[in-house]
Every structure is written in C-alpha cells, then in structure tokens.
Protein chains: 2
Amino acid sequence: MSDDASALSTAQRLRQEIENDIAAGHLVPGERLDEVSLATRFHVSRTPIREALQQLAMAGMVEIRPRRGAVVASLTPERLYEMFEVMAELESMCCRLAARRLGPSDAFALERAHRACEAVRHDHDAYYRANEVFHQAIYAASGNTFLAEQARLLQRRLQPYRRLQLRVRNRVQNSFSEHERILAALMAGEGEEAARIMRPHVQVQGERFSDLIASLKLLGAA
Amino acid sequence: MSDDASALSTAQRLRQEIENDIAAGHLVPGERLDEVSLATRFHVSRTPIREALQQLAMAGMVEIRPRRGAVVASLTPERLYEMFEVMAELESMCCRLAARRLGPSDAFALERAHRACEAVRHDHDAYYRANEVFHQAIYAASGNTFLAEQARLLQRRLQPYRRLQLRVRNRVQNSFSEHERILAALMAGEGEEAARIMRPHVQVQGERFSDLIASLKLLGAA
DNA sequence: GAACGTTTCCTTGTATACAAGAATGATGAG
DNA sequence: CTCATCATTCTTGTATACAAGGAAACGTTC
C-alpha cells in the first residue's frame, strides 16, 4: 500500500533533518532560520530549503513571517496546555482501541517496551527515549494507523517540552508505575480503565504545569 | 499574540486556493496536479506553486511522488474509516470541554447555527454548509483553540467524503435531530451525554460506511 | 544626548535556465 | 499481432539571477 517509504524527496529529507534539530533542542524556540545558512550547511540551494520550511510551517514547528524569515515556533503556556490536553485525549483513545484490538505481536511489543523502560529507570535521558517507544507501541496497538500517525506527530511536536517534564523529582518513578497499570489494564482488555490512567499520565496539569512553565522561562523562550 | 492573520505569503494563498478546489470536489482524488498548469492558472511561476504543494502534502491533501509529480490524495476505505473514527473522538472531546466551559457568546453562536440548520433542512447543499458551521461552533466552544484548529483541519480533509454522506435518505433529518439533542445536552452542562451522542453522529459505521464506499466507487477514486 | 529620517546593506520572494529522470511513442523482432 | 527496446519528449528538481521589502547603521536635527 503506502510502504515505499524509501522514496523521499530532498525537501522531505531536509525537513526531517531540521525537525530533528528542533525536537532535540538544538534549535530553540524563537531562533531564526536563515535560508542561506541552512542551504550552505546542507550543501543545497535555497530552493529545497524553502520547501522544507514550508512543510515545517504546516507541521507547526516553524513560523513563517512573510518577508521576515522563518523562526522556530515558540508556544505560549496556554497553547502548550491545550496541546497537552489534546495529546492526553489521543493517547486515551489509543488505549481504548488497543484494549479491544490487541493482537499477539502488539502485546509482545508493549511488554518489550515496558521492560526496556524498567531497565533504564535510573537514567533520565535513556528513560526519556524508552518512554517514547512505549507510547508509540500503544499508538500502533490501537490498530488505527491514522490515529497513530497523528499521535506520533503531536508527540514529536511536544518533544522539546516533554523532555523538561521528566526532570521533575520522582517523575520517572511515577511515570513507570503508571505505565505498569496501563499495561495491565490493556492486557486485561480494560480499555476504559487504561484510558482513565493514561489521561493524567500525559496531561500536564497543576503543579506539573507550573514546573514546566518555570523551566520554559529558564530557556528564554518567548 | 498570533493575530496578524492578514499577512499571508503567496504560497499560503495558493495553498488555500488549491485546498478549496480539493474540498469542493473540483479536483478529485487521484487527479494529477501539473505544476505548469497551476502556475499559468494562477499567473505565477512554478516556484511558489511547488511550495504550496509541499504544504498540501504535509496537510495530507496531496501526495507527492518524487520525480513523478503531485496528485490529490485518495483515501482507501480503511483509512477513511480511521479518519472518521478520530474525527468522532475529537468532536466528542469538544463536546465534553464545551459543556464545562460554555460561555454566553458560545451558547449564542451555537443556537444561532442550530436555527440556521433548521431553516435549510430541506435543501441538502445548504444544510451541508450550515451543518459545517454548527460543528465549528462546537469546536470554538471547547475553549481549546488548538483542538478547534485540529478539528477544523480534519473536517476540511474529510469534506469531500462527508458531502457524499448526506445524500443518503433521511440522513439530513436524523442529523438535525441529533444536533438538537447535542445542543440540549451542552446547554444543560451534560458534557458526557453530548459526547456520547456526538460520537455516532460523526462516525460513519455499518450501513452508512458501506453507502459511503459505494458512492466513492462511483466517483472512480482509486 | 536622544530621537527621527535617510541611506545602505542584507534577506526574502519570484522567475527562469538548465539538468536529469519518467512517460510516451515508434520501431523492430518474435 | 504482441511484446520488448530504444529514442524522443515532457515534467520535475535544483541552482542562480534579479527584484523588492526590511533591518540596521549612519548622519542630522532638536
């Protein structure tokens, strides 16, 4: 069907590269994206760079101000809250569907990802990556590839901010035990229960949200 | 904040134009989008056209096959089902939030949109447009602008297919009475109830899905 | 010394030229 | 008559040249 993923246009490749830099925090919100700098850096002309930037603009990762260049999109606290609210709902939905449709290979992948989280629970950065994989396993288990893509997209967009979250004390420990309960519920076919645990697991509220905003301000993101 | 919506780059304008043509069914799924034709049609060179196409590709409205040009994205029945499933969930979420956060102006807009639907309930095409406005009023009432944007985006993407749906016998009548119940629930602050009605209202399942696929085949969309 | 206006420079926006990969049609063999 | 191979043509991909709008720096005036 749509599996010729090997065929990537240059613009798409460039988009991924820049996207990675943004997600990894190498390019910070508000930072200017100069077309000629990017062009020389990637050894191409401005044309494909501009095409990549247009793509990133649609993905919400950069903001293009006509005649004034592109900057890495910076989210206001309000918008960030909104996005986490939607992310929580999408992941809840994944849980509900996954519990109903869970196949053997999905179950295996989930357990594998969970054990990987457990193995690195004392290393923040490693846990961060393993956590990402665990959540993606749930997206895939939903059996709805469109939903999985959307969730993946939003996850990626929130990545720079989510990373900050885990720095909070005991967050990794809590996160892991929530995973455990989610996994158990999924295996038992209790979709509603899994969804109910997933929601606050993802959504950043109350104190946790204040903490996130505080770290944001430290970064100087406008 | 982010309110200088008047500033649109040429590429963005072109994207909207082409997007409208797709949503309106003037450009059908699978149709080839020739760069030079579009360029001459809009009196610009290929460069901004290409930028617009890259944007549309990210929005999922066109598919770009490297070296082989862009075509209007055509959805498989499976994918269509998946997208409606997500759409239903997003709109349910809007209901849940809207019931909690409903302000006087939101309530007014909702009632207004509902009355507009009632006024044109015997004209399929007019109802189709009024229906769109009603749903958008709910998105706005959610108080989550990001959610509203996402819902709007997906609504737009499904627009060509949604239009086919309403042609089914009695669909408009059923749609309208469902609106009534949703509205009543929202006004009463019964978010869960509104969400519960909204889900099947949006999601295309069972017979209705078969009908949709049948109309699709008539269109000849691969 | 500060603020305003002017000029210069730099960046973005667009068109166009050229290169290179598909699609198409023709020609030949089986 | 059908299929394969090759040549031609057409379309896309990329670089570059030029135009035009901001930004910044400079000088001038109050």
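Worth knowing before you read on, the calculation uses all heavy atoms, side chains too, and leaves out hydrogens, waters and symmetry mates. These figures come from a predicted structure and were not determined experimentally. Throughout, a chain's letter reflects where its sequence line sits, starting with A, and its residues are numbered from 1.
At D/dG13, one or more side-chain N or O atoms of B/Arg50 fall inside 4.0 Å of OP1 or OP2 (strictly under the cut-off). For the OP1/OP2 pair of D/dT14 and a distance below 4.0 Å, the side-chain nitrogens and oxygens of A/Thr10 include at least one atom meeting the criterion.
Between the C1' atom of C/dA20 and the CZ atom of B/Arg67 lies a distance of 5 Å, rounded to the nearest Å. Atom CD in B/Glu51 sits about 7 Å away from atom P in C/dT14, given to the nearest Å. Spacing between atom CZ of A/Arg15 and atom C1' of D/dG13 amounts to 18 Å, rounded to whole angstrom units. The interatomic distance linking A/Asp34 (CG) with C/dT12 (P) rounds to 5 Å, in whole Å. Taking atom CD of A/Glu35 as the reference point, atom P of D/dT16 lies 15 Å away to the nearest angstrom. Rounded to whole Å, atom P of D/dT14 lies 11 Å from atom CD of A/Gln12. Between A/Gln54 atom CD and C/dG13 atom C1' the separation is 11 Å, expressed in whole Å. The CD1-C1' distance, from A/Ile49 to C/dT11, rounds to 15 Å in whole Å.
In summary, B/Arg171 and B/Asp211 do not engage in a salt bridge, as defined by a charged side-chain N under 4.0 Å from a carboxylate O. The pair B/Glu85-A/Arg101 counts as a salt bridge, with a side-chain nitrogen and a carboxylate oxygen less than 4.0 angstrom apart. For the pair B/Glu149 and A/Arg79, the salt-bridge criterion is met [side-chain N within less than 4.0 Å of a carboxylate O].
For A/Arg68 against C/dG13, no side-chain N or O and base N or O form a donor-acceptor pair under 3.5 Å.
Here C/dA15 is the nucleotide among D/dG13, C/dA15, D/dG22 with the atom lying nearest to any side-chain atom of B/Val44. Among the nucleotides D/dG13, C/dG13, C/dT14, the one closest to any side-chain atom of B/Pro48 is C/dT14. When each of C/dG13, D/dT16, D/dT12 is scored by its nearest atom to the side-chain atoms of B/Arg46, the top-ranked nucleotide is D/dT12. Picking from D/dG13, D/dA15, C/dT14 the nucleotide with the shortest atom distance to the side chain of B/Ser45 gives C/dT14. Closest approach to the A/Arg32 side chain among D/dG13, D/dT14, C/dT11 is made by C/dT11 (side chain taken as heavy atoms from C-beta onward).
Position along DNA chain D of the nearest nucleotide to B/Thr47 versus B/Val36 favours B/Val36 as the more 5'-ward residue.
Ring geometry, B/His179 versus B/His114: the interplanar angle falls from 30° to 60°, so the pair is classed tilted.
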Exercise for review: Could you go through the side-chain hydrogen bond (donor to acceptor under 3.5 Å, both in side chains) check for A/Glu51 and B/Gln54 one step at a time?
Suggested key: CA-CA 6 Å; A/Glu51 291 180 355; B/Gln54 299 283 352; 3.2 Å; yes
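If you check every strand for non-hydrogen atoms under 4.0 Å, B/Ser9 touches nothing.
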